[in-house]
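Report on the following structure.
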Amino acid sequence: VGMSDDSEGEFPPLSDLERSVADRLPPRIWSYIAGGAGEERTVEANRSAFRRWALKPRVWANVTTVDLGTRLLGAPVEAPFFIAPTAYHGEIHPDAEPGVARAAAAAGVVAAFSTLSSASLETIAAASGGGVRWFQLYLQPRFSVTRSLVERAEHAGYAAIVITADVPVLAVRDRQARGGFAIDGSVPVGNGADVMPPPRASEREGSRYRLRAPAETDWDILDRLSGVTRLPFVVKGVLSAEDERLAVEHAAAGVIVSNHGGRQLDGARASLDALPEVVAAVGERAEVYLDGGVRRGIDVLISLALGARAVGLGRPVLWALAHGGAPSVARYLAALGAELASAMELAGRRSIAEIDRALVVPVPDQGPASP
Ligand SMILES: Cc1cc2nc3c(=O)[nH]c(=O)nc-3n(C[C@H](O)[C@H](O)[C@H](O)COP(=O)(O)O)c2cc1C
């Protein structure tokens, strides 16, 4: 699948990145990246939610420089966006996670890596060097395996454990199934033969649906894991104020408002629609991030105006990886940063701290806004 030949050529405008790789990856891999659960209502909702907010720029705000720098869990970073954890980079490009780690570290942005990475978390850490990296945890059927992953991540210098809460079982993903990509033991992972993907969703047996392996987990898992590591926890996959409060009660340092990029509960609300409620519930007690449908600099701007501290990027990073490996991921991160900086300048905001709630207004439902 190597496409590194392209890395020296033109990097496409962000509008064209997806299209530029769509028909060059094997359809099986493409269906895995692009697909969502069910009929992909939530995939669409994540995008359309951004179109329901308009920007209210200020002019002559004395913008001479724009500073994208911020802090995530105390670590200084160059931009308020991070690489969301996605599995199996080796199926997309031979540079795989170590290439993504190098690009992120060079750009000064946080990168989160999946339990189901193609490379081992130690190899990724070595490539990331001084970069800030987070480890995404899928709870394992055996707690000893979960514990060992967390201990290894701490030892390898990961700065946080991102624990994914929205995959008690993998959802039925029609497009991916049609494309013939199965998340099971057949796809090699770097973290060891005893590391398992989450169980598959309910399966039809005759006229009934039957749940597979019991997915019983409650919030006490966070307390149990606090005994294993001193790393902070970020709970990924929260869509309600209620769960946000529970995360904070169980000492999470952050939450990612997310529906897994529309790949889990189809019909779940858009991440952006859930953001204001979650931000209101948590106050200053934890950092709130968002992922799902973030594509352009203005999407970052809207998310931050609505209270996110940073946003995660899922599919776009994989498009860039497919386009030309690590160099293309670097160019993608630079392009998104440039777009955000430009949008901030046009909106009259010089720093991340100046991106406030006053920057966005709801798009009127019908007709012009009343005078
Ligand atoms: C191909 C693919 C693989 C993913 N693998 C994981 C994973 O292993 N663990 C996880 O927590 N989230 C995973 N996600 C979800 C992302 O972390 C993120 O929530 C989502 O992609 C954000 O939406 P976006 O793709 O619209 O940016 C995956 C997403 C995609 C597209």
Side-chain angles (χ1 to χ4, degrees), residues 14 17-18 21-22 25 28-37 40 42-50 81-93 96-97 100 110-119 121 124 134-140 149 160-168 170-171 173 175-176 179 181-184 187 189-191 195-198 233-239 255-265 268 270-272 274-275 289-296 299-300 303 308 310-322 332 336:
L14 292 186
L17 179 59
E18 178 177 15
V21 292
L25 281 171
R28 186 177 150 270
I29 305 296
W30 182 251
S31 71
Y32 165 63
I33 296 175
E40 303 184 351
T42 299
V43 175
E44 284 164 34
N46 278 348
R47 283 299 298 144
S48 53
F50 282 100
F81 48 77
F82 61 90
I83 295 182
T86 53
Y88 308 135
H89 290 186
E91 304 294 312
I92 297 171
H93 192 281
E97 292 87 3
V100 171
V110 170
F113 294 98
S114 172
T115 291
L116 304 176
S117 51
S118 304
L121 66 89
I124 298 167
W134 295 348
F135 178 72
Q136 180 267 324
L137 178 67
Y138 274 134
L139 292 168
Q140 296 293 305
L149 284 168
I161 303 293
V162 175
I163 176 165
T164 297
D166 57 11
V167 192
L170 285 166
R173 299 175 183 170
R175 190 184 336 189
Q176 185 181 303
F181 190 96
I183 298 176
D184 57 23
V187 191
V189 294
N191 282 329
V195 170
M196 301 288 178
F233 287 96
V234 174
V235 179
K236 176 172 183 281
V238 167
L239 290 173
V255 293
I256 304 180
V257 177
S258 170
N259 47 42
H260 215 97
R263 299 160 75 83
Q264 282 299 105
L265 178 63
S271 306
L272 192 70
L275 179 65
Y289 316 119
L290 168 140
D291 76 23
V294 176
R295 300 292 177 264
R296 311 303 302 242
D299 300 332
V300 184
S303 306
V311 295
L313 309 159
R315 293 179 184 83
V317 173
L318 302 180
W319 303 334
L321 183 64
Y332 164 71
L336 185 66

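Values below: all heavy atoms of this structure, side chains included; hydrogens, waters and symmetry mates excluded. If you're wondering where the values come from, they're calculated on a predicted model, not measured in any experiment. In listed order, ligands and their atoms are each counted from 1.
The backbone N or O of Gly262 sits nowhere less than 3.5 Å from a side-chain atom of Gln264 that would complete a donor-acceptor pair. Using a distance-only test at 3.5 Å, with no hydrogens or angles considered, no donor-acceptor pair links the side chain of Ser114 to the main chain of Pro85. Proximity of a side-chain donor or acceptor of Thr86 to a complementary backbone N or O of Gly314 within less than 3.5 Å is not detected. Between the Arg315 side chain and the Gly261 main chain, a donor and an acceptor come within less than 3.5 Å of each other. Under a 3.5 Å cut-off, the side chain of Thr42 and the backbone N or O of Ala268 do form a donor-acceptor pair. Panel note: side chain Arg47, backbone Gly293; a donor-acceptor pair is recorded below 3.5 Å. Asn191 places a side-chain N or O within donor-acceptor distance of the main-chain N or O of Thr115, the cut-off being under 3.5 Å. A distance-only check finds no donor-acceptor pair linking the side chain of Asn46 to the backbone of Val43 [under 3.5 Å]. Glu91 places no side-chain N or O within donor-acceptor distance of the main-chain N or O of Ile29, the cut-off being under 3.5 Å. At least one donor-acceptor pair under 3.5 Å links the side chain of Glu97 to the backbone N or O of Ala119.
Checking only distances, Ala87 does come within under 3.5 Å of ligand 1, N or O to N or O. The N/O atoms of Tyr32, backbone and side chain alike, include none that comes under 3.5 Å of an N/O atom in ligand 1. On a distance-only criterion, Val294 and ligand 1 share no N/O pair closer than 3.5 Å. By the 3.5 Å distance cut-off applied to N or O atoms, Gly293 is counted among the residues near ligand 1. Among the atoms of His260, some N or O lies under 3.5 angstrom from an N or O of ligand 1.
For Arg47, the closest heavy-atom approach to ligand 1 does not fall below 4.0 Å.
Tyr289 and Trp134 have tilted rings, their planes meeting at an angle from 30° to 60° on a 0 to 90° scale.
With hydrogens left out, the protein atom closest to atom 21 (O) of ligand 1 is Gly314 CA, 3.5 Å, a heavy atom. In this structure, the protein non-hydrogen atom closest to atom 18 (C) of ligand 1 is Asp291 OD2, 3.3 Å. The shortest contact between atom 8 (O) of ligand 1 and any protein heavy atom is with Ser114 OG, 2.7 Å. The closest protein non-hydrogen atom to atom 11 (O) of ligand 1 is Thr164 OG1, 2.7 Å. Looking at atom 7 (C) of ligand 1, its nearest protein heavy atom turns out to be Tyr138 OH, 3.2 Å. Protein heavy atom in closest approach to atom 1 (C) of ligand 1: Arg263 NH2, 3.3 Å. At the top of the distance list for atom 4 (C) of ligand 1, counting protein heavy atoms only, stands Thr86 CA, 3.5 Å.
Here is the list of ligand 1 atoms found below 4.0 Å of a heavy atom in Ile33: 1 (C), 31 (C). Under a 4.0 Å criterion applied to the non-hydrogen atoms of Arg315, ligand 1 contributes the atoms 24 (P), 25 (O), 26 (O), 27 (O), 31 (C). Residue Gly292 approaches ligand 1 through these ligand atoms, each under 4.0 Å from one of its heavy atoms: 22 (C), 23 (O), 26 (O). Applying the 4.0 Å criterion to heavy atoms of Leu318 picks out, from ligand 1, the atoms 1 (C). Close approach to Ser258 involves these atoms of ligand 1, each under 4.0 Å from a residue heavy atom: 19 (O).
The heavy atom nearest to atom 16 (C) of ligand 1, out of those in Pro85, Gly237, Gly312, is found in Pro85. Considering each of His89, Gln264, Lys236, the one bringing a non-hydrogen atom nearest atom 10 (C) of ligand 1 is Lys236.
Neither the backbone nor the side chain of Tyr88 comes within 4.0 Å of ligand 1, counting heavy atoms alone. Contact annotation for Leu116 and ligand 1: no heavy atom of the residue comes within less than 4.0 Å of the ligand. Residue-level proximity to ligand 1 for Asn46 is absent, since no heavy atom of it falls below 4.0 angstrom.
In this structure, Arg263 is positioned above the aromatic face of Tyr32, its NZ or CZ under 6.0 Å from the six-membered ring centre and within 45° of the axis.
Applying the ring pair (Phe, Tyr, Trp, His ring centres under 6.0 Å) test to Tyr332 and every residue at least two apart in sequence or in another chain returns nothing.
Separation of atoms CG (Leu275) and CG (Leu239) is listed at 10.5 Å; rounding is to 0.5 Å.
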